[in-house]
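Working notes for the structure below.
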Amino acid sequence: MKRYNHTTIEKKWQKEWSKKKVYRTEDSSTKKKQYVLDMFPYPSGAGLHVGHPKGYIGSDVYARMKRMQGFNVLHPMGYDAFGLPAEQYALQHNIHPRKAVLENVKTFERQLSIIGLSYDWDRKVNTTDPEYYQWTQWIFLKIYGSWYDTTKDKAQPIESLVKKFEKEGNKNINAVCEENTPHFTAAEWKSKSQKEKQDVLMKYRLAYEGYAEVNWCPELGTVLANDEVVDGPDGKPVSERGGYPVEKKQMRQWFMRITAYADRLISGLDTIDWPENIKEIQRNWIGKSEGAEIKFQISNLKFKNSLGEVAVFTTRADTLFGATYVVLAPEHPLVEKLSDHIENISEVLEYKILVQKKDAESRTDATKEKTGVELKGVSVQNPVNGEKIPVYIADYVLASYGTGAVMAVPAHDERDFEFAQKYKLPVKHVVIPSIIDTMFPPVEGQEYVDRHTIHALVKNPKTGLYLCLKWKQFPWTTLVVGGVDEGEDPVDAARREVQEETGYKNLKFVRTLGGVVKAQYNAAHKKQNRVAFTTGVVFELENEEREHITEEELAKFEVTWLPLSQVKPCAELPEWIDRIDVPEKAYLPYGTVHDSGEFTGMTSEDAKKAITQKVGGKIVTKYKMRNAIFARQRYWGEPIPLSTDKDGLIQEVEEKKLPLTLPNVASYQPTGTGESPLASVSSWTKKGYETNTMPGWAGSSWYFLRYMDPKNKKGIASKKALSYWGQVDMYVGGAEHATGHLLYSRFWNKFLKDIGLAKFDEPFKRLRNQGMIQGTDGRKMSKRWGNVVNPDDVVKTYGADTLRVYEMFMGPFEAGLPWSTENIIGSRRFIERVWRLGEKVTSKKLTPEENVYQNTLHKTIQKVTDDIVSFSYNTAVSAMMIALNEMEKSEKVYKSDMELFLKILHPFAPHVTEELWKELGNKTSLVKESWPKADPKKMRDAEITIAVQINGKVRGEVKIQPENTETEVLEKVYIMPEIQKWLTGQEVRKVIFVKNRLINIVI
RNA sequence: GGGCGAGUGGCGUAAUUGGUAAACGCGCCAGUCUUAGGAACUGGUGGGGAAACCCGUGGGAGUUCAAGUCUCCCCUCGCCCACCA
């Protein structure tokens, strides 16, 4: 046998495969299809490190098996080359981005080509190719030309909206649009000017122009999406790319109304097989919350005249009785509207400016202290009880979420509580925990009696112990407890009780422990169920001076001091123990509504609905997710195919004139002023073209559809191709795209489904994330740490097959693991041993005695097949190593058994298996061979070994026939000396027999 | 602070989903063959113990004939979100 020379073998087969186009995808086929896709890369200038191909190898293994299983497999690759990374690279190296991209693509392809990936390169796409971005522009125009109909729950052409306006105005149209869009009648619509109509439609379009506070990155000279901004080392926001500072700025922008799809983006997650954490990240990002919008009347304090109303958004309408003030975002329009009535208007405006300045740095810091200013001279009325409460503006309320105003309930909201503490605002508890005593639960049929009680927690500061009563008639010890008389203050009641029962009279009041606690128990001696509403009152003992105690009290209990943890029989106690040593805080859980008029006693859930209804509140759904900014002030992106004429009217570039190609410019440096470099190209501005370009995610939001029919000149892809390929069956890529690409492409796909192009609502049926390969030092692989391992070197030393096997064998596919220069040797040895196994091949059929590996081989076929489907590649490789170990033990290996083994190894190590396949005399290529099926007869074991346990401990092993019964096994077990040893003189109490697994004798 | 996830030999990891913990690989030890071995092959390799046996999946409790796996509490680490009312 020849020596295994990976270089010659791999080069030879790569050339052969490419020449014969063995990976060519059939355009139309009667075969079942399988679409296996990698997230296409930014062709960065740095070249690949060994971590990059991990995902590509994973999907390649999958695609290769599917191909062998007879599927028509679409497994393409392409380049996402617009956007910041490519442009930054070009700027740094002072070459034109177009040229840089071409160069980088070349490097990339050379590096990929040596790994033996089975792409159909004829379907390559590149987002910067005018023939590609023509369709990105085309889709943009479709989105621009659409509105969202919430009745049909899909996008509709804008013309249909115009027709509705002409017929009935906009009042009764169920559409997603800008908040506070004024109503108009059909007649009013018709009387509007072109420009006015344009402005109205802009509030409805799914791609629209607007002004917004955006993340402005001066260094990069562009606006960034929220997910492109990360926290820097000092906690300040910086750009994900480059780590440059990011500030807030008001700017004219193009947006995508992704919020119209928020609900579908959430519900669709239940229909796809994605990693649960990615789904969860998307759900959180979209941040759906259902609540109520409740209006508070505003009035002038001095003149008592009404000043209109303010709407707040809350998810806790059950706490409305606990609202003790209202907070507006500093930017709330009411601040200006009410300015004539605000007595301290200059202070308010000063604060507003301060906040906006601070804004630029970090307003999103949840840990910093809250600030705010009261709007003096005005107040609002709580709609549920008519109470007048003050109004504040504060930086902890965001203008961009909900209504930009909140009702503050310090007792039940952490942020409100913190603010209330600082500004000495009242805290009103209206939701209380409800406890049912486990020792003396209420008895059915007995009368319920309400009682108001106190628990006095009297601490002796010298000892840290608490004052307790040891009951003489009952076997328990309690704190001082007692009833609160009608109209009595709980603190006074507690003082009184302590004095009456223990004589201590000099108590320093510390605090009450939050709100009351409701506890239900049975008072056996009175045959009563009691509902106690208890206040915990904390005192410190000032001195030991005591009053006289009555005989009656003395007979009842004895005074004692105990640590709190030793006081037991009392339902409310767990609540007090939780509260006693921590500072007072808001009570967040749901519970029983308290001190809330007619709603008192309801559960939070019921009270929410009832209170909202009572005050005429509107049930609404809000989302954290904002509409996506769809513009970059940069050169290297798709031009937005719109122009503005001299009347200020926006014109679409005609479909047949697409692509609107990016002009060549002398300088593509960002201007730094917020204007795109295109703004200084006179040929461009002369025609009134939009100077912003599309963001990086535009081209990547639909590329998976283009691969289906990449050269189509009439559309994004033919109807036939779109319908044959449908959706991506298996999508592989990094988890870092969870809130970017994976959300935007779902959005675009849903839109394209709405307009009848995409076939499915969800573009990616299955998704798997490859874990990142770290440097040998465990850090992220990067030039900075000098820990980059280049795949070229690995391929040169060990070969592509070894690299592939090792990357799949390292550990679970999704796990991030450090590269190991030592462990890879194991994979190389495996390949070499496979190579040497070739020497044992015989074309003479083996007798059952000779064929010792038969059983293992067929089990392995089954396991590898299952493992590839579930992406458990590490155990698939392990199974093949076990099979190889068995086959090596055999004197000879039957040729067709060797072929079976080569077939299942082929997706992992395509080159060496192809070479050995040919060595066996085959004229065909393994690539197109059929995937083997495990023979169930051959998988069956002749004999199996099971564990014999005594009382659950393994004391021996026994060989049995499969399917042996308990009796049959016991017969064998009882004569085993090592088992008899344990059984002599013992009575067998029980035998547990698990078929084909173990037998456990309990003595 | 909130959400999600993970802790198993010297190392990467595996465990049929409650059934012989450590498969497979790396490393290490011994041997074979070699002029040599940082090659290859064969065997061994969780800890303690002379042995019988005992201990062992971050720590503690519990359920069970049986727990890495289930339940509760605690500790540590990773990722995501972070004033979203």
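Scope of the values below: all heavy atoms of this structure, side chains included, with no hydrogens, waters or symmetry mates. A note on names: the letters A, B, ... follow the listed sequences, proteins ahead of strands, and every chain is numbered from 1.
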Report task. Quick one: label A/K953 by what it contacts on the DNA or RNA (base, sugar-phosphate, nothing), any heavy atom closer than 4.0 Å. Result -> sugar-phosphate

Report summary line: In terms of heavy-atom contacts, A/F871 and A/G58 come closest through CZ-O, 4.2 Å

Query - Check: A/R997 side chain, B/U16 base, donor-acceptor under 3.5 Å - result: yes

Report task. For B/C28 and B/A67, measure between their C1' atoms and round to the nearest Å. Result -> 32 Å

Query raised in the report: When the ring centroid of A/F417 is compared with that of A/F419, is the distance short of 6.0 Å?
Result: no

Report task. Tell me what A/S400 touches on the nucleic acid: a base, only sugar-phosphate, or nothing, going by heavy atoms under 4.0 Å. Result -> nothing

Requested in this report: Provide the distance between the two C1' atoms, one in B/A82 and one in B/G12, to the nearest whole Å.
Outcome: 35 Å

Contacts under 3.5 Å, N or O only, protein and nucleotides 49-53 of chain B:
unit_1	atom_1	unit_2	atom_2	d
B/C53	OP1	A/K981	NZ	2.2

Query raised in the report: Which sits closer to the 5' end of RNA chain B, A/T315 or A/G816, going by the nucleotide each is nearest to?
Result: A/G816

Query raised in the report: Looking at the angle O4'-C1'-N9-C4 for a purine or O4'-C1'-N1-C2 for a pyrimidine, is B/U17 syn or anti, with syn meaning within 90° of 0?
Result: syn

**Report entry** Spacing of the C1' atoms in B/G7 and B/G68 (rounded, Å)
**Finding:** 11 Å

Query raised in the report: Does the ring of A/W274 carry A/R746 above it, NZ/CZ under 6.0 angstrom from centre and within 45° of its axis?
Result: yes

**Report entry** Rounded C1' spacing from B/A52 to B/U16 in Å
**Finding:** 33 Å

Query raised in the report: Under 3.5 Å, is there an N or O donor on one side and an acceptor on the other linking the side chain of A/K990 and the base of B/C65?
Result: no

**Report entry** Watson-Crick or G-U wobble mate for B/C4, both contacts under 3.5 Å
**Finding:** B/G78

Query raised in the report: What is the distance from NZ of A/K608 to P of B/A85, rounded to the nearest Å?
Result: 10 Å

Report summary line: Glycosidic torsion of B/G9 (syn if within 90° of 0, anti otherwise) classifies it as syn

Report task. Considering only atom C1', compute the distance from B/A30 to B/G62 and round it to an integer number of Å. Result -> 46 Å

Report summary line: Output for pair (A/I1001 CD1, A/Q986 CD), nearest 0.5 Å, gives 11.5 Å

**Report entry** Between P of B/G3 and CD of A/E276, the distance in whole Å
**Finding:** 16 Å

Report task. Check the distance between B/U16's C1' and A/Q862's CD and give it to me in whole angstrom. Result -> 13 Å

Report task. Tell which nucleotide pairs with B/G37, taking only Watson-Crick or G-U wobble pairs whose two distances are both under 3.5 angstrom. Result -> none

Query raised in the report: Taking atom CD1 of A/I992 and atom CZ of A/R997, what is their separation to the nearest 0.5 Å?
Result: 16.0 Å

Query - Phosphate-side-chain proximity, A/Y401 and B/A85, N/O vs OP1/OP2 below 4.0 Å - result: yes

**Report entry** Candidate pair A/N855 and A/R940, rule side chain to side chain donor-acceptor pair (under 3.5 Å), full reasoning
**Finding:** CA-CA 7 Å; A/N855 179 268; A/R940 213 167 288 149; over 6 Å; no

Report summary line: Taking a pair to mean Watson-Crick or G-U wobble geometry with both distances below 3.5 Å, B/C24 pairs with B/G12

Query - For atom CG of A/L998 and atom P of B/A15, their distance in whole Å - result: 19 Å

Query raised in the report: Of the nucleotides B/A14, B/A21, B/G3, which one has an atom closest to the side chain of A/T875?
Result: B/A14

Query raised in the report: Rounding to a whole Å, what distance do you find between A/W274:CH2 and B/C80:P?
Result: 17 Å

Report task. Scan nucleotides 24-45 of chain B nucleotide by nucleotide, 5' to 3', and note B when protein non-hydrogen atoms come under 4.0 Å of the base, S if they reach only the sugar-phosphate, - if neither. Result -> BBSS------------SS----

Query raised in the report: Around A/K840, counting heavy atoms of other residues, nucleotides and ligands shown, do more than 12 lie under 6.0 Å from its NZ?
Result: yes

Requested in this report: Look at the aromatic rings of A/H412 and A/Y587 and report parallel, tilted or perpendicular, splitting at 30° and 60°.
Outcome: perpendicular

Query - Within 6.0 angstrom of A/K295 NZ, more than 12 heavy atoms from elsewhere - result: no

Query - Reported CH2-to-OG1 distance for the pair A/W819 and A/T821, which is rounded to 0.5 angstrom - result: 9.0 Å

Requested in this report: Just call it for A/I992: base, sugar-phosphate, or nothing, with non-hydrogen atoms closer than 4.0 Å on any strand.
Outcome: base

Requested in this report: Would you classify A/Q949 as touching base, sugar-phosphate or nothing, given that sugar-phosphate means primed atoms plus P, OP1 and OP2, and contacts are heavy atoms under 4.0 Å?
Outcome: base

Query raised in the report: Base, sugar-phosphate, or nothing: which does A/P812 touch, judged by heavy atoms less than 4.0 Å apart?
Result: sugar-phosphate

**Report entry** Rounded distance in Å - NZ (A/K995) to P (B/U16)
**Finding:** 19 Å

Report task. Consider only side-chain N and O atoms of A/T860 and A/Y853, and report whether a donor and an acceptor are under 3.5 Å apart. Result -> no

Query raised in the report: Can you check the A/E418 CD to B/A85 C1' distance for me, whole Å?
Result: 14 Å

Query raised in the report: Which base, if any, makes a Watson-Crick or G-U wobble pair with B/U42, both distances under 3.5 Å?
Result: B/A30

Query raised in the report: In whole Å, what separates the P atom of B/G9 from that of B/G46?
Result: 13 Å

Query raised in the report: Which nucleotide, in any strand shown, forms a Watson-Crick or G-U wobble pair with B/A67, with both distances under 3.5 Å?
Result: none

Query raised in the report: Distance check: side-chain N/O of A/K624 vs OP1/OP2 of B/G3, anything under 4.0 Å?
Result: no

Query raised in the report: Does A/K370 count as lying over the ring of A/Y396, i.e. NZ or CZ under 6.0 Å from the six-ring centre, within 45 degrees of the axis?
Result: yes

Query - Atom-pair distance (CE on A/M880; C1' on B/A23), nearest Å - result: 15 Å

Report task. Compare side-chain N and O positions of A/N874 against OP1 and OP2 of B/A14 and report whether any pair is under 4.0 Å apart. Result -> yes

Report task. Give A/V994 one of three labels, base, sugar-phosphate or nothing, depending on what nucleic acid heavy atoms sit under 4.0 Å from its own. Result -> base

**Report entry** P atoms of B/U32 and B/G25, separation to the nearest Å
**Finding:** 24 Å

Query - Strand partner of B/C72, provided both Watson-Crick or wobble distances fall under 3.5 Å - result: B/G60

Requested in this report: Determine which nucleotide pairs with B/G18, using a 3.5 Å limit on both distances of a Watson-Crick or G-U wobble pair.
Outcome: none

Query - P spacing across the pair B/G56 / B/A22, given as an integer number of angstrom - result: 15 Å

Query raised in the report: Rounded to the nearest 0.5 Å, how far does CG of A/N951 lie from NZ of A/K990?
Result: 11.0 Å

